[in-house]
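Here's the structure we're looking at; comments come further down.
None of these values were measured; they are calculated from a predicted model. Just so you know, ligand 1 is whichever comes first in the structure, and atom 1 is the first atom listed for that ligand. The chain is numbered in sequence order, starting from 1. The figures here come from the full heavy-atom set of this structure, side chains too, leaving out hydrogens, waters and symmetry mates.
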Amino acid sequence: MILILLGAPGAGKGTQSERIIEDYNIIQISTGDILREEVKKETELGKIAKSYMDKGELVPDDIIIGMMENRLKQDDAQNGVILDGFPRTIAQAEALDKLLEKLGKKLDVVINLEVPFDVLVNRLTARVYCSVCKKTYNLIFSPPKIEGVCDVCGGRLVRRDDDNEETVKNRLNVYLEQTQPLIDYYKEKGILKNIDGNRSPDEVYNDIKNILENIKK
Ligand code: AMP
C-alpha cells in the first residue's frame, strides 16, 4: 500500500502516521525528518537544506526527488509506505508518478487533512517533539506528563527551529502557493479523500482507518 498524507504544516500528518504504522505493516517516509537528520549530522545536503528550512521555503525539487528515489528503493519500503510531506509541488508529484511506474508500484490513495489556518498557527507554535523517538506533543492540547520529558521514552522534548511564528506564517503561505495545487492534481486522478482534520486525533484516525480498510479489500 502506498499512501500520501497531504495537508498543511501542523495538519496532523505526523501524528496520524504514528497510528497507521502501528496498525498496518508499513513505514513512514517523512522528507522533513530525513532533512532534519541531515541538518543534525551537518552533511552537505543538510547545510543546503537548512538554508531553505530556516526561512520556511521549500528545498529545491531536484534534491528532494533524488533523495526520495533512493529512499523508495530501499528494502524496508517494499511492503508499503506512508509519504508524509512529499510530494509538495506539482513537479514532485509528476516525478513520483514516473518513479512509481518505473518501480512497478501504484499510488493507492491520497488523504488530505483539512484544518483552518488559524488553528494551524496555534498548533505549530505550541508544538514540541521528542529528540529521541520523535513523538510530537502540543503544549496546550496534549502536553507531556512531565514538562520537557517524553512520556514514551524519557527523551528530551525540543521545539523545531522552524516552528516560530514568523517561519510558520511563511510555511503556510508556501503551502498555499506550491502544495495546495496537489489537491486538484490528485482529485483529477480520482484518488483523493478529504478528511476534516480539525477534530481529535482519534476521530481523524477513525476516518483514515475506514479509508484504508476499503483499499485493502
Ligand atoms: P516538514 O517537517 O514536512 O514540515 O518539513 C520541514 C521543512 O523541510 C519544510 O519547510 C521544507 O523546507 C523542507 N521540506 C520537507 N519536505 C519537503 C519537500 N517535499 N520538498 C521541499 N522541501 C521540503
Inset, instruction - Indicate yes or no: at least one non-hydrogen side-chain atom of Arg123 is less than 4.5 angstrom from one of Ile140. - result: no
Inset, instruction - Tell me which part of Asp162 gets within contact of ligand 1: side chain, backbone, both or neither, using heavy atoms under 4.0 Å. - result: side chain
Legend entry - For Thr31, the ligand 1 atoms whose distance to one of its heavy atoms is below 4.0 Å: 15 (C), 16 (N), 17 (C), 19 (N)
Inset, instruction - Decide, yes or no, whether a salt bridge links Arg19 with Asp202 under the criterion of side-chain N to carboxylate O below 4.0 Å. - result: yes
Inset, instruction - Please identify which atoms of ligand 1 are closer than 4.0 Å to at least one heavy atom of Gln92. - result: 18 (C), 19 (N), 20 (N), 21 (C)
Inset, instruction - With the side chain counted from C-beta on, respond yes when Leu212 and Lys193 share a heavy-atom pair under 4.5 Å apart, and no when they do not. - result: no
Legend entry - Glu101 atom CD: more than 12 heavy-atom contacts under 6.0 Å: no
Inset, instruction - Give the numbers and elements of all ligand 1 atoms closer than 4.0 Å to a heavy atom of Glu57. - result: 11 (C), 12 (O)
Inset, instruction - Ignoring angles and geometry beyond distance, decide whether Arg88 reaches within less than 3.5 Å of ligand 1 through its nitrogen or oxygen atoms. - result: yes
Legend entry - Arg199 atom CZ, over 12 foreign heavy atoms within 6.0 Å: yes
Inset, instruction - Please could you name the atoms of ligand 1 that Arg171 approaches to less than 4.0 Å, counting only its heavy atoms? - result: 4 (O)
Legend entry - Proximal candidate to atom 19 (N) of ligand 1 [heavy atom criterion; set Gly85, Pro9, Gly10]: Gly85
Legend entry - Aromatic Tyr137 / basic Lys135 pairing, under 6.0 angstrom, 45° off normal: yes
Legend entry - Basic-acidic side-chain contact under 4.0 Å: Asp76, Arg71: yes
Inset, instruction - For ligand 1, note which part of Lys13 has a heavy atom under 4.0 Å away: side chain, backbone, both or neither. - result: neither
Inset, instruction - Please state which part of Ile64 comes within less than 4.0 Å of ligand 1, counting heavy atoms only: side chain, backbone, both or neither. - result: side chain
Inset, instruction - Could you list which atoms of ligand 1 come closer than 4.0 Å to a heavy atom of Arg36? - result: 2 (O), 6 (C)
Inset, instruction - With heavy atoms only and a cut-off of under 4.0 Å, state how Leu35 meets ligand 1: side chain, backbone, both or neither. - result: side chain
